[in-house]
Number of protein chains: 2
Amino acid sequence: MLDQADTWLPQPDLDQVDVGTVLQALSDPVRLRIVRLLDAAGEGSCSTLDVPVKHSTVSHHLRTLRESGLLATRLVGNTRLSRLRKDEMERRFPGLLTSILTATPPVEVLVTTETPGPIS
Amino acid sequence: MLDQADTWLPQPDLDQVDVGTVLQALSDPVRLRIVRLLDAAGEGSCSTLDVPVKHSTVSHHLRTLRESGLLATRLVGNTRLSRLRKDEMERRFPGLLTSILTATPPVEVLVTTETPGPIS
DNA sequence: CGCAATAAACGATGGAAATCGAACATGTGC
DNA sequence: GCACATGTTCGATTTCCATCGTTTATTGCG
């Protein structure tokens, strides 16, 4: 492993990835959290990601994210370090990932119903 | 025809909308198509949208999109014209809708699945 | 006042996906 | 070699949701 370059899991060419596939991958709350964690940490593995599901489920989500083009996974010994394909995603879908990662959480307000006009 | 202002269906305040909710709404292919059609046409109703599902299903999707903050629906007679809340979405999630609406379809590549043999 | 048109509300159903546990594979270190 | 840690894969289960047909409500029109 010392004198050898990293090996990577197969990943799709982003030119052949549809934006609907990416949105589908990001629609799951756990996967969205994984994406945010990876953006903050740079890299992460199945066991280091702090998500409220079991390891087998995390593995499934990481596979989904990788097959949708969002992640790149490199094999280091016994662990698999995944990272966001941020630059490539930015070239393929400019502004998409950035807008999601920089999105602020919703404002916590008690009374909410904005009704522009009377209904009945 | 009357001198009365339009009435609108209730819609959420975008400040209280989570980006995950929007991604969830956009993850469905039919809803993504509806969003694109509305972006192109400006406005549309349940019967004018060209989607491959029944009207009741379109109604359900329009409701989902409206409750996620993506659509505003105004009542005109017995029809309901929906439009994208594009400007508000741009302020709440800068770049998100734009990146999705301007996303190019995946590149169609001719892939030879056979082994690279001699060209006969 | 009926009648057609538009669309939402309702209930049911089929299929897809998330989740889990167990089994299996692989690499690490003693 | 053996025990342990890390992850994937498989099968089963369960939950969610897209879809549909029907019904209900409202509007517009004769």
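Within every chain, numbering begins at 1; the chains are lettered A, B, ... in the order of the sequence lines, protein sequences first and strands thereafter.
Spacing between atom CG of B:Leu62 and atom P of D:dA18 amounts to 13 Å, rounded to whole angstrom units. One can place CZ of B:Arg66 at 12 Å from C1' of C:dA9, the figure rounded to the nearest angstrom. D:dA5 atom P lies 19 Å from atom CZ of A:Arg80, rounded to whole Å.
Taking 4.0 Å as the cut-off between side-chain N and carboxylate O, A:Glu67 and A:Arg63 count as a salt-bridged pair.
The two residues A:Leu71 and A:Gln11 come nearest to each other via the heavy atoms O-OE1, 3.9 Å. Listed here is the closest heavy atom pair of B:Gly95 and B:Glu90: N-OE2, 3.2 Å.
Looking at residues 38-46 of chain A, you'll see A:Ser45, A:Cys46 sit with a heavy atom under 4.0 Å from some atom of DNA chain D.
By the rule that hydrophobic residues join a cluster once side-chain heavy atoms approach within less than 4.5 Å of another member, A:Leu101 and B:Leu23 end up as members of one cluster.
Regarding contacts with the backbone of D:dT9, a side-chain N or O of A:Arg63 is found under 4.0 angstrom from either OP1 or OP2.
A donor-acceptor contact closer than 3.5 angstrom is absent between the side chains of B:Gln24 and B:Ser68. The closest side-chain donor-acceptor pair between A:Thr73 and A:Arg83, if any, does not fall under 3.5 angstrom. No side-chain donor-acceptor contact under 3.5 Å links B:Arg74 and B:Ser82.
The main-chain N or O of A:Arg66 is never found under 3.5 Å from a side-chain atom of A:Arg85 such that the two would form a donor-acceptor pair.
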Open item on the list: Within the 4.0 Å limit for protein heavy atoms, which parts of nucleotides 15-25 of chain C are touched? Write it as a string from 5' to 3', B for base, S for sugar-phosphate only, - for none.
Closed with: ---SBBBB---
